[in-house]
Student: 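Quick one: the structure is below, questions incoming.
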Number of protein chains: 2
Amino acid sequence: MKYKEFLDTIAASRLDICRSVFLGYRDEIKIKKEKTVLKNLEKIFDATLKIGIEKGFQAMTMLDLKNVSGLSIGALYSYFSSKEEILRVFLSEGRKIIWQILDELIEKEKDPGAKLESAVEVHLFLTERMHKWFYFSYMEAKNLSPSEKENAVQSELHTEKLIENILIDGQKQGVFIETDHSLAASVIKAMLQDWYLKRGKYAKKNIAVDQYAEFIMSFIKSFYLKRQI
Amino acid sequence: MKYKEFLDTIAASRLDICRSVFLGYRDEIKIKKEKTVLKNLEKIFDATLKIGIEKGFQAMTMLDLKNVSGLSIGALYSYFSSKEEILRVFLSEGRKIIWQILDELIEKEKDPGAKLESAVEVHLFLTERMHKWFYFSYMEAKNLSPSEKENAVQSELHTEKLIENILIDGQKQGVFIETDHSLAASVIKAMLQDWYLKRGKYAKKNIAVDQYAEFIMSFIKSFYLKRQI
DNA sequence: GTCTATACACAGATAGAC
DNA sequence: GTCTATCTGTGTATAGAC
């Protein structure tokens, strides 16, 4: 699959997060008109991402958020009861959307090789589409409450387990080599994460996501595919 | 090389950073007795690392630092003129020590294969030895002033360039395949970084640094070494 | 629904006693 | 050299006008 095709098949944007937040937090949000809420949530999340990536969420003040989002401080507090709440909701709703997409797309393939390729591509494409969110999520996870932090960690581990299972399955079917699949999954995950953690660097090198996907797949395959002797 | 041997050959610890800070900042530090300064700098840096890793440097207050380090607020300010200064000095002096070690150790090998292996091992071992510092440095780089941030980025790129040059050299000598070495260096770097960014995870999996080094070397070699046909 | 003005708390930094 | 007490600025959150 190419990134362009991927974009046509999924709905993953900040607007989708906003809609999900609106539906899930109707009671807590003091404003009731859907159109207004969506519009303003988007402003708030956009501003949070922008400032948060630049100097970190802790360093972001409500005054910063007011200035960048265009909403007044008072208005901000009619959407979220506290600054922490913005972070909590933004990250947890984002994770929800991401898993909806991942679960659906990866299960399509059956052959282990194709499945691995699909997992790698879907991950990269998704992190490309929402790269700011992923970067922010990674950097700010430590600012969450212990229970929310646990959710974030579990989500990470789930990704890794998903890859590991494909690898184990491939070995059982005799197409992949025998090795420490858990460790291999970690390393593959590290390569996937680098795409959104160092996005600026790859942009400077003029590497597009399709190219990165192809490269790391060839890297992984050279290790995992049994050599014809 | 094994990690144990590495430990015998180098001096890289928080104490070395403290000594370097004492020598470099004699004028700014109000306290003059070396023994006292070293003792207290170590307390300050230890506490900074501990709190900083837990909740981020921005979120750390001088009161936190007082409580964990055992020094009073006043005492803290006789070592550093501001909170930001603690971060700046700690990170830049750390980088200084790291590059002293890297430059020295990697140049020893001549054969590209051995050189690559040495670069991978030395990086991993160094980040193992100072893993908290590396994690902290990675997470807090964005809180530095623009010029200091630039230094941090340059240091990162330098590591990558170092790997890339080994790869290019290996291809010229006909032992490595032809590929996008810049991209490969990025991906290898991502694997190296994962070791200190996800240290807790690897500890849980019971993976030691020697084992990790061996695994990613086999991964890299399967891609880079020309296959005998 | 959105704004401004403000209460209240707490941070960083300093001064001066010991 | 180290401490405690305190100044001053700024941040979060709220109340109440529009």
Side-chain angles (χ1 to χ4, degrees), chain A residues 18 21-22 25-48 51-52 54-90 140 143-145, chain B residues 18 21-22 25-48 51-52 54-90 140 143-145:
Chain A
C18 297
V21 171
F22 175 68
Y25 294 82
R26 270 207 157 111
D27 302 344
E28 283 87 351
I29 295 173
K30 296 199 185 77
I31 317 302
K32 294 303 162 197
K33 220 164 66 184
E34 171 162 8
K35 212 179 144 189
T36 313
V37 174
L38 289 186
K39 187 190 71 188
N40 285 337
L41 281 179
E42 202 174 8
K43 281 184 191 166
I44 295 171
F45 289 145
D46 278 358
T48 303
I51 308 165
E54 222 163 273
K55 58 176 180 176
F57 182 78
Q58 294 271 2
M60 177 187 87
T61 69
M62 293 304 275
L63 199 66
D64 290 332
L65 198 58
K66 168 195 112 74
N67 289 332
V68 176
S69 72
L71 294 171
S72 68
I73 300 247
L76 291 172
Y77 278 97
S78 56
Y79 289 92
F80 295 97
S81 63
S82 74
K83 189 186 156 192
E84 296 310 309
E85 185 73 358
I86 300 176
L87 181 65
R88 196 186 66 72
V89 171
F90 191 33
E140 302 303 337
N143 294 325
L144 292 167
S145 71
Chain B
C18 297
V21 171
F22 175 70
Y25 294 82
R26 270 205 155 112
D27 302 343
E28 283 86 351
I29 295 173
K30 298 200 184 75
I31 317 302
K32 294 303 162 198
K33 220 164 66 184
E34 171 162 9
K35 211 179 144 190
T36 312
V37 174
L38 289 187
K39 187 189 71 187
N40 285 337
L41 281 179
E42 202 174 8
K43 280 183 191 167
I44 295 172
F45 289 145
D46 278 359
T48 303
I51 307 165
E54 222 163 274
K55 58 176 182 176
F57 182 78
Q58 293 271 2
M60 178 187 87
T61 68
M62 292 304 277
L63 198 66
D64 290 334
L65 198 57
K66 167 195 113 74
N67 289 332
V68 175
S69 71
L71 295 170
S72 68
I73 301 246
L76 291 172
Y77 277 97
S78 56
Y79 289 92
F80 295 97
S81 63
S82 73
K83 190 187 155 191
E84 296 309 309
E85 186 73 357
I86 300 176
L87 181 65
R88 196 186 66 72
V89 170
F90 190 34
E140 302 303 336
N143 294 326
L144 292 167
S145 71

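Note on naming: letters A, B, ... go to the chains in the order of the sequence lines (proteins, then strands), and numbering restarts at 1 for each one.
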Student: Indicate, with a heavy-atom threshold strictly under 4.0 Å, whether K30(A) touches base, sugar-phosphate, or nothing.
Tutor: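 No contact.
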Student: Choosing from dT2(C), dT12(D), dA13(C), which nucleotide comes nearest the side chain of K83(B)?
Tutor: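 Nearest nucleotide to the side chain: dA13(C).
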Student: Under a 4.0 Å heavy-atom cut-off, which of residues 63-79 of chain A touch DNA chain D?
Tutor: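 Result for residues 63-79 of chain A: I73(A), Y77(A), sorted by number.
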Student: Let me know the distance between CD of E84(A) and C1' of dA13(D), rounded to the nearest Å.
Tutor: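 Distance, rounded to whole Å: 13 Å.
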Student: Please give, in whole Å, the distance from dG11(D) C1' to I86(A) CD1?
Tutor: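 Atom CD1 in I86(A) sits about 14 Å away from atom C1' in dG11(D).
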Student: In whole Å, what is the span from the NZ atom of K39(A) to the P atom of dG1(C)?
Tutor: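 About 10 Å, once rounded to whole Å.
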Student: Grab the CD1-C1' distance between I29(B) and dT2(D) for me, whole Å please.
Tutor: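 Distance, rounded to whole Å: 16 Å.
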Student: Let me know the distance between CD of E85(A) and P of dA13(D), rounded to the nearest Å.
Tutor: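 Rounding to the nearest Å, CD of E85(A) and P of dA13(D) are 11 Å apart.
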Student: Which of these nucleotides, dG12(C), dA13(D), dA13(C), is closest to any side-chain atom of S82(A)?
Tutor: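 Closest of the options to the side chain of S82(A): dA13(D).
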Student: Is NZ or CZ of K83(A) both nearer than 6.0 Å to the six-membered ring centre of F57(A) and within 45° of the ring axis?
Tutor: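 Yes, K83(A) and F57(A) form such a contact.
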Student: Without decimals, in angstroms, what is the distance between Q58(A) CD and dA11(C) P?
Tutor: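 So the CD-P distance, Q58(A) to dA11(C), works out to 12 Å.
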Student: With rounding to the nearest 0.5 Å, note down the distance linking OG in S69(B) to CD1 in I51(B).
Tutor: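 Between S69(B) OG and I51(B) CD1, I get 7.5 Å after rounding to 0.5 Å.
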Student: Ignoring backbone atoms, test whether N40(B) places a side-chain nitrogen or oxygen under 4.0 Å from the OP1 or OP2 oxygen of dG1(D).
Tutor: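 No, outside the criterion.
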Student: Can you tell me if K32(A) uses its side chain to pair, donor with acceptor, with the backbone of I29(A) under 3.5 Å?
Tutor: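 Yes, the answer is positive, given that a donor and an acceptor are paired below the 3.5 Å cut-off.
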Student: Is there a side-chain contact between L76(B) and I86(B) (heavy atoms, below 4.5 Å)?
Tutor: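 Of all side-chain heavy-atom pairs linking I86(B) with L76(B), none is under 4.5 Å.
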Student: Would you check if I31(B) and N40(B) make a side-chain contact, meaning some heavy-atom pair closer than 4.5 Å?
Tutor: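 Not touching, per the 4.5 Å side-chain cut-off.
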Student: Carefully, step by step, assess L41(B) and F80(B) under the rule side-chain contact (heavy atoms from CB on, under 4.5 Å).
Tutor: CA-CA 10 Å; L41(B) 281 179; F80(B) 295 97; 3.7 Å; yes
Student: L41(B) CG to dT2(D) C1': how many Å, rounded?
Tutor: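 One finds 15 Å between C1' of dT2(D) and CG of L41(B), rounded.
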Student: Do D64(A) side-chain atoms and T61(A) backbone N/O form a donor-acceptor pair below 3.5 Å?
Tutor: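 Here the side-chain-to-backbone pair exists.
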Student: Measure from the side-chain heavy atoms of K32(B) and tell me the nearest of dT2(C), dA13(C), dG1(D).
Tutor: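 Looking only at heavy atoms from C-beta outward on K32(B), the closest nucleotide is dG1(D).
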Student: Provide, to the nearest angstrom, the distance between the CE atom belonging to M62(B) and the P atom belonging to dC7(D).
Tutor: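 Atom-to-atom, M62(B) to dC7(D), this comes out as 20 Å.
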